Every structure is written in structure tokens, then in C-alpha cells.
Amino acid sequence: MKAECSPFNPLPVFLAVNGKPCTVIGGGSVAGRKCADLIEAGADITVIAVHADESIVRLAEKGALKLLARKYSPGDLKGAFIVFAATNDNEVNKAVWQEAEEAGIPVNVIDVPALCNFYSGSVLKRGPLQIAISTNGCCPALAKAIRHDLEDRFPADYGDYIAAAGEIRQRILADTNFDSTTKRTLIEYLVQQEYIDLYHASGMEAVWDRLRKISSTS
């Protein structure tokens with residue numbers, strides 16, 4: 001049987017949803033995971049579900065999201081920036097898709113590529129680093145497997161180095177003792193494995209000291 005791939009080739013983007021109203025239809029475990037992602041991204045979340053998982057209820061009690069314990073009704077998507085539908089009712093999913101499409105709101109009916117105009121993908125997060133993998137809806141499990149492979153390539157503390165490298169980059173750019181060519185060269189050093197290893201062994205200042213020594217001898 002042919003895989004149910006997306007009918008279009010999506011444009012890869014990272015969407016800023018901080019403070020934006022995002023609506024989730026459904027209250028199961030899948031919806032709960034989506035809510036966790038949206039909270040991390042700073043979204044203003046409304047969940048509409050007759051029955052919600054305990055994780056969603058707890059988040060609502062903490063004020064992390066708004067929970068409306070009822071069925072979806074037409075008009076519920078008004079003002080939403082993006083919408084996720086995660087119900088086990090095909091008719092509800094289709095109705096959510098139709099309302100969002102008519103209103104021009106990006107919508108993702110989870111696990112139904114034909115009822116999506118954007119995907120979240122399988123995401124590896126390491127601090128500031130985010131790597132999103134998509135198979136265009138053909139085989140989400142393969143995207144997940146690729147993410148697991150990348151977890152070995154980028155261990156949990158990789159994000160720490162990225163944050164430190166960002167700070168060092170700002171130091172380099174602000175240092176008036178470096179000309180533009182030297183600045184570019186020093187920043188390029190930051191991607192080399194020896195500097196990543198030096199950071200993990202001795203910290204950010206050790207990396208910065210070595211770069212300054214290199215610049216003084218070049």
C-alpha cells in the first residue's frame with residue numbers, strides 16, 4: 001500500500017509562537033505532548049476537549065494553559081495563530097481542518113497528512129540547537145529513528161557549548177583589537193571539535209584564552 005505522504009512539499013521553517021494564541025483540539029496523550037512543546041515555545045494555549053489527560057489538567061491548574069472541558073464547536077478557532085487537532089474523531093478533525101482552512105489559519109491534524117498545511121517534524125533539542133526531521137508525512141517513524149541517530153552525534157550537553165560559543169562570538173565581534181578577517185577566522189574555529197572538547201574539559205574561558213593567543217600570533 002502506498003504511504004500517505006503529504007500532497008505538497010513543505011517549506012522548512014522555525015515559527016515564533018511566543019505569546020501567540022494557539023489552539024489544541026483534543027485532550028489525549030498526543031495533545032499533551034503537543035501542549036508541552038507549545039509551552040516551551042511560550043505560546044498562549046487553549047485546549048478544547050471533553051476529557052483531558054491528567055497532564056493537561058495539571059498544566060491548566062498551574063495556569064500554563066486554558067482548558068475548555070467541552071466538545072469542539074465551529075468558531076472555536078477564531079483568533080488562533082496556529083491549530084493542532086489531536087482527536088480520535090475523524091469528523092471532528094475534518095471540521096477543524098475546514099474551519100482553519102477557511103479562516104487562513106495554519107492547521108495540523110496529527111497523523112493525517114492530507115489534513116495538514118504544516119508539520120512539526122521529529123525534533124532533537126540541545127539548548128539553542130534544534131534539528132527538525134520530516135519525511136513529508138510518508139514515514140514519521142523513520143524521522144523518529146533518524147532523530148535517535150542524531151542524539152548520539154549531539155549529546156545532551158552539546159547545547160551548553162552552543163550557548164558558550166554564542167557568548168564567545170559576541171566577544172569576538174565586540175573586540176576592537178580584531179580586524180574583520182581575524183574575527184571571521186576566530187568564529188570559524190568555534191566549530192572545530194578541539195574547541196568543543198576544550199570547552200567540556202576546561203570551560204568557556206579556556207576557549208576564549210586560546211582564541212586570543214591564536215589571534216596574537218597570527
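Excluded from the calculations below are hydrogen atoms, water molecules and symmetry mates; all remaining heavy atoms, backbone and side chain alike, are included. All values reported here derive from a predicted model rather than from experimental measurement.
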Working to the nearest 0.5 angstrom, can you tell me the gap between [X] [atom1] and [Y] [atom2]?
X: Leu129; Y: Ile162; atom1: CG; atom2: CD1; answer: 4.0 Å
X: Thr185; Y: Ile172; atom1: OG1; atom2: CD1; answer: 10.0 Å
X: Glu40; Y: Cys35; atom1: CD; atom2: SG; answer: 13.0 Å
X: Leu65; Y: Ile45; atom1: CG; atom2: CD1; answer: 5.5 Å
X: Glu102; Y: Glu99; atom1: CD; atom2: CD; answer: 8.0 Å
X: Ile196; Y: Leu190; atom1: CD1; atom2: CG; answer: 9.0 Å

Hey, are the side chains of [X] and [Y] touching, using non-hydrogen atoms and a 4.5 Å cut-off?
X: Val207; Y: Tyr189; value: no
X: Cys22; Y: Phe84; value: no
X: Ile56; Y: Leu67; value: yes
X: Leu15; Y: Ile82; value: yes
X: Asp76; Y: Arg70; value: yes
X: Val47; Y: Lys66; value: no

Do [X] and [Y] share a hydrophobic cluster, counting only Ile, Leu, Val, Met, Phe, Trp and Tyr and linking them when any side-chain heavy atoms are less than 4.5 Å apart?
X: Ile214; Y: Phe178; result: yes
X: Ile25; Y: Val50; result: no
X: Ile133; Y: Ile110; result: no
X: Leu115; Y: Val30; result: no
X: Val123; Y: Ile131; result: no

Test your reading of the model: is there a side-chain donor-acceptor pair from [X] to the backbone of [Y], 3.5 Å cut-off?
X: Arg126; Y: Phe154; value: yes
X: Asn93; Y: Asn88; value: no
X: Asp53; Y: Ser29; value: yes
X: Asn108; Y: Phe118; value: yes
X: Asn117; Y: Val107; value: yes
X: Lys20; Y: Phe81; value: no
X: Gln130; Y: Leu124; value: no
X: Asp157; Y: Asp160; value: no

Apply the test side chain to side chain contact (heavy atoms under 4.5 Å, CB included) to residues Arg33 and Ser55: give CA-CA distance (whole Å), side-chain angles for both, the deciding distance (0.1 Å), then the verdict. CA-CA 9 Å; Arg33 291 194 294 273; Ser55 62; over 6 Å; no

Is [X] salt-bridged to [Y], cutoff N-O under 4.0 Å?
X: Glu188; Y: Arg184; answer: no
X: Glu101; Y: Lys94; answer: no
X: Arg171; Y: Glu205; answer: yes

Grab the two heavy atoms, one from [X] and one from [Y], that are nearest each other, plus how far apart they are.
X: Val17; Y: Ala41; result: CG2-CB, 3.5 Å
X: Ile39; Y: Ala64; result: CD1-CB, 3.8 Å
X: Gly26; Y: Ala49; result: C-CB, 3.6 Å
X: Pro21; Y: Gly79; result: CG-O, 3.1 Å
X: Gly159; Y: Pro128; result: O-CD, 3.5 Å
X: Tyr119; Y: Ser134; result: CD1-OG, 4.5 Å

Using a cut-off of 6.0 Å, state whether more than 12 heavy atoms not belonging to [X] lie near its atom [atom1].
X: His51; atom1: NE2; result: no
X: Lys125; atom1: NZ; result: yes
X: Glu54; atom1: CD; result: no

Relative to each other, are the rings of His200 and Tyr161 parallel, tilted or perpendicular (30° and 60° limits)? tilted

Centre-to-centre under 6.0 Å for Tyr158 and Tyr199, is that the case here? no

Under the criterion side-chain contact (heavy atoms from CB on, under 4.5 Å), which of Thr23, Leu77, Ile48 is the partner of Val96? Leu77

Would you sort out whether Ser215 and Leu186 count as a side chain to side chain contact (heavy atoms under 4.5 Å, CB included), showing the intermediate values? CA-CA 8 Å; Ser215 67; Leu186 294 179; 4.0 Å; yes

Side chain to side chain contact (heavy atoms under 4.5 Å, CB included) evaluation trace for Asn18 with Asp44: CA-CA 7 Å; Asn18 183 51; Asp44 181 7; over 6 Å; no

